[in-house]
Amino acid sequence: MPLNLYNTLTRHKELFKPIKDNQVGMYVCGVTVYDLCHIGHARAMVVFDAIYRYLRYKGYEVKYVRNYTDVDDKIIARAQKEGLSYQEVAERYIDEFNSDMQALKTLKPQVEPRVTHHIPEIIEIIGKLVAKGYAYEVEGNVFYSVSKFSVYGKLSGKNITELMAGARIEVDERKENPMDFALWKASKPDEPAWDSPWGKGRPGWHIECSVMSMKYLGENFDLHGGGMDLIFPHHENEIAQSEAATGKPFVNYWLHNGFININQEKMSKSLGNILTIKQLLNQYHAEIIRCFLLSRHYRSPIDFTLGHLAESKKIMSNLYLSLKNIQEWTAEKKPGRGFKEEDFSGEEARIYHAIFGLKDRFLKAMDNDFNTAQALGYIIQISKMINSHLEKLGPEKEPGEKLLFLLHRAREGLLDTAQVLGILQEKPENYFLLVETEAYEDLSAFIAAVENNDICGLKERLDPEWLKSQVKEREKARKNNDWNKADKIRAELKEKGLLLEDTPKGTRIRIKKDPNIIEVN
RNA sequence: GGCGGCAUAGCCAAGUGGUUAAGGCAGAGGUCUGCAAAACCUCCAUCCCCGGUUCGAAUCCGGGUGCCGCCUCCA
């Protein structure tokens, strides 16, 4: 099935055609490593991770490159503030970024180039641009001359003459045109510097991506991605630099993800509403975050609120519930043989159709400009059908051959599609343990776990002896039909964050998690 | 001022002209339960406004209105 994607360059959805039959080169602008990453970064990284996974799912051989900007003004400023070298700052935040990405279960790109490892190549390209007359040197700085590149503005739809030049830019007198931008910056004393034909200095911001993307993917490659904000000037400038240097078209398809708002406000340092990935991961399982991020189309803005996150949490629990149900119903039993459509009728026939149609529908959704929201909807639909059907069959959990067959196929289908979104990667029992704090069916086992301090932090908050006596009291009260007392104890435990649930099999317990630990202003 | 995007139920959200407008959350009613919880069942929209194209439009075109982003570092 053909993949269509929205190309910022043409402002249309286009049929995706790789340059080399089934190989894809993909470059995504990474981060400037001067601080912890926030949920906006998380969105970009998760979105492009899903795109990367999907391309591979479709059978493309993808070379994925994502850079680190490890030298720039902000890093230098941070280093000076903390009395560290810029390398130390960069190293620290590269490590932090890596741990965030790993926690968010993103796949590692094949190449993660750093600016400081590519200085000779950068100098070479700048030299080429100067030689070709696209750039000029002033006092050790090299600027790109925007007016020499006739199609400047083609990505962002801007027109140089109409750009209110200088309106919001501090005009640098040394530039021939206010829109010109730095390729090479002369360094001040105490700043990182490399020798160059124009004296000591360091690369400007945009040139690195031109150089590193072309180095690893060729002068013309397939996909280039990043946040919406990078369209102008960053990506516009990349095009200007690259195409001027090589005379070839740079990137065929430009993809840009939308921004995250927090409670309908732009996330910004001045508003003080920056939420870091670490804060979020502290409270929410990575797959809940991925589910939230992928439940909207990647180009739309999305609003971060605790309510929305709670929805995603519910969704993930329901999905895992299906896996758990399937696991319990199938146990170790393998389906005896394959069945055909005509073998099923009624509810089972509907489930059969849904399961066997899942992959097609999933592909169709994803082929439509990576519509993860719709794709996720289809996955949830299957999950819901399974849960509902099994519930109706009652508690015996003795599936016939045909149902066994359906359940196995459902599981395969769910896992196969969900992995493209990077969800349902945990074993259900582990997921519930991590997220819901799996309900303990056995109260004495729970108390023992508290005593052993197996449950993080609970021993400090709860006296196991007190807990033991409360539980015993309540059991006694229930036996005596003393419902008032039983309810009272249940309420007391609830205040301590313990939820008692009476089921036909007995009383079980689960730990209530506080959903409001993250503070969002 | 320039460029771009969005407007679908209480909320979030999919929907690239054609059967009953995905899905989720919340809510209401129900099953189960001593009660509650969990789970399951049922119910819950004609798509911002006005014109136009068409046999037929949420979907295409024009005009309004209202939001938002970018034009400065930014995912």
Side-chain angles (χ1 to χ4, degrees), chain A residues 4 6 8 11-13 28-32 34 37-48 72-74 153 155-159 161-170 179 205 225-234 236 256-261 264 266-269 291-292 295-297 299-303 305 307-308 310-315 317-318 321 325 361 364-365 367-369 371-381 383-384 387-395 436 439 478 481-484 486-487 490-491 494 499-504 507-508 510 512:
Chain A
N4 285 281
Y6 182 91
T8 308
R11 290 192 200 97
H12 286 290
K13 275 187 200 169
V28 172
C29 284
V31 290
T32 301
Y34 74 103
C37 286
H38 53 66
I39 56 174
H41 298 108
R43 183 183 197 190
M45 297 310 145
V46 166
V47 159
F48 286 105
D72 108 317
D73 293 346
K74 291 192 292 283
L155 181 68
S156 54
K158 294 183 189 309
N159 183 324
T161 55
E162 283 175 10
L163 270 167
M164 301 272 291
R168 293 176 68 187
I169 306 169
E170 233 177 278
M179 294 312 298
W205 174 37
M228 288 279 185
D229 55 318
L230 296 179
I231 295 171
F232 188 89
H234 186 55
E236 194 71 71
H256 294 97
N257 67 277
F259 265 36
I260 292 189
N261 294 322
Q264 307 192 19
K266 185 177 167 161
M267 182 169 61
S268 76
K269 292 208 165 156
C291 175
F292 166 68
S295 62
R296 278 85 173 155
H297 188 267
R299 282 188 287 112
S300 308
I302 76 181
D303 191 31
T305 65
H308 293 160
E311 284 179 22
S312 299
K313 181 176 173 181
K314 191 84 202 290
I315 289 169
S317 291
N318 284 335
L321 181 63
N325 281 338
R361 291 193 295 166
K364 203 173 163 209
D367 277 340
N368 180 16
D369 195 29
N371 194 336
T372 54
Q374 192 170 37
L376 189 62
Y378 293 145
I379 293 173
I380 293 168
Q381 238 169 337
S383 150
K384 181 141 190 171
N387 289 347
S388 152
H389 187 63
L390 294 182
E391 175 81 16
K392 276 186 236 160
L393 293 179
E436 305 283 8
R478 291 187 72 220
N481 288 352
D482 185 353
W483 307 119
N484 282 338
D487 288 353
R490 184 169 60 194
K494 190 176 178 183
L499 305 176
L500 290 182
E501 297 174 359
D502 298 317
T503 73
T507 303
R508 68 184 182 204
R510 78 168 81 219
K512 185 182 165 197

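As the structure is a computational prediction, the values presented were derived from the model and not from experiment. Residue numbers start from 1 in every chain, and the chains themselves are labelled A, B, ... in the order their sequence lines are given, proteins ahead of strands.
A:G258 comes within contact range of at least one nucleobase, with a heavy-atom separation under 4.0 Å. If you check every strand for non-hydrogen atoms under 4.0 Å, A:I260 touches a base. Counting any heavy atom pair closer than 4.0 Å across all strands shown, A:G40 reaches a base atom.
When Watson-Crick and G-U wobble pairs are counted only if both distances are under 3.5 Å, B:rA45 pairs with no nucleotide at all. Base pairing of B:rG17: no nucleotide in any strand meets the Watson-Crick or G-U wobble criterion (both distances under 3.5 Å). Pair check for B:rU33 finds none; no Watson-Crick or G-U wobble contact set falls under 3.5 Å. B:rG1 is paired with B:rC71 under the criterion used here, namely a Watson-Crick or G-U wobble arrangement in which both key atom distances are under 3.5 Å. Under the Watson-Crick or G-U wobble criterion, with both distances below 3.5 Å, B:rA7 is paired with B:rU65. The nucleotide B:rA26 finds no pairing partner, because no Watson-Crick or G-U wobble arrangement with both distances shorter than 3.5 Å includes it.
Legend: residues meeting side-chain contact (heavy atoms from CB on, under 4.5 Å) with A:D502, ordered by chain and number and at least two apart, are A:R474, A:R478, A:R490, A:T507. Residues meeting the ring-ring contact (aromatic ring centres under 6.0 Å, His included) test with A:H389, sequence neighbours left out: none. Residues meeting the side-chain contact (heavy atoms from CB on, under 4.5 Å) test with A:Q381, sequence neighbours left out: A:R361, A:Y378. Applying the side-chain contact (heavy atoms from CB on, under 4.5 Å) test to A:N4 and every residue at least two apart in sequence or in another chain returns A:L15. Taking A:F48 as the reference, nothing meets the ring-ring contact (aromatic ring centres under 6.0 Å, His included) condition, with sequence neighbours excluded. Every residue two or more places apart in sequence or in another chain that forms a side-chain contact (heavy atoms from CB on, under 4.5 Å) with A:L376 is listed here: A:C291, A:S295, A:I380, A:L421, A:I423. Taking the side chain to side chain donor-acceptor pair (under 3.5 Å) definition, one finds that A:T503 meets it with nothing, sequence neighbours left out.
Stacking between A:F259 and B:rG69 is absent: the ring centroid is not both under 5.5 Å from the six-membered base ring centre and under 30° in plane angle.
Looking at heavy atoms from C-beta onward, A:S383 lies in side-chain contact with A:N387 at the 4.5 angstrom threshold. Here the side chains of A:R296 and A:H308 are in contact, with some heavy-atom distance below 4.5 Å. In this structure, A:H297 and A:D369 have side chains that are in contact, with non-hydrogen atoms separated by less than 4.5 Å.
Between the CD1 atom of A:I231 and the P atom of B:rC71 there is a distance of 10 Å, given to the nearest Å. The distance between atom CG of A:D229 and atom C1' of B:rG4, rounded to the nearest whole Å, is 14 Å. What separates NE2 of A:H234 from P of B:rA75 is a distance of 10 Å, to the nearest Å. Counting to the nearest Å, the P atom of B:rG24 and the CD atom of A:Q381 are 7 Å from each other. Put simply, CZ on A:F292 is 13 Å from C1' on B:rC25, counting in whole angstrom units. Whole-Å rounding puts the A:N261 CG to B:rA75 C1' distance at 13 Å. Between the C1' atom of B:rG4 and the CG atom of A:N159 lies a distance of 15 Å, rounded to the nearest Å. Remark: P of B:rA75 and CD1 of A:I39 are 13 Å apart, rounded to the nearest angstrom.
For B:rC6 and B:rC44, the C1' atoms lie 26 Å apart once the distance is rounded to whole Å. With C1' as the reference atom, B:rG27 and B:rG10 are 8 Å apart, rounded to whole Å. Nucleotides B:rU53 and B:rA9 have their P atoms positioned 28 Å apart, rounded to a whole Å.
RNA chain B is contacted by both A:K266 and A:P233; A:K266 maps to the nucleotide lying nearer its 5′ end (nearest heavy atom per residue).
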Protein-to-nucleotide contact annotation, 5' to 3' order, nucleotides 5-16 of chain B [B base; S sugar-phosphate only; - none; under 4.0 Å, heavy atom]: -------SSSSB
Per-nucleotide protein contact string for nucleotides 35-44 of chain B, where B marks a base within reach and S marks sugar-phosphate only (heavy atoms under 4.0 Å, - for neither): BBBSBSS---
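At least one donor-acceptor pair closer than 3.5 Å links the side chain of A:N371 to the backbone N or O of A:Q374.
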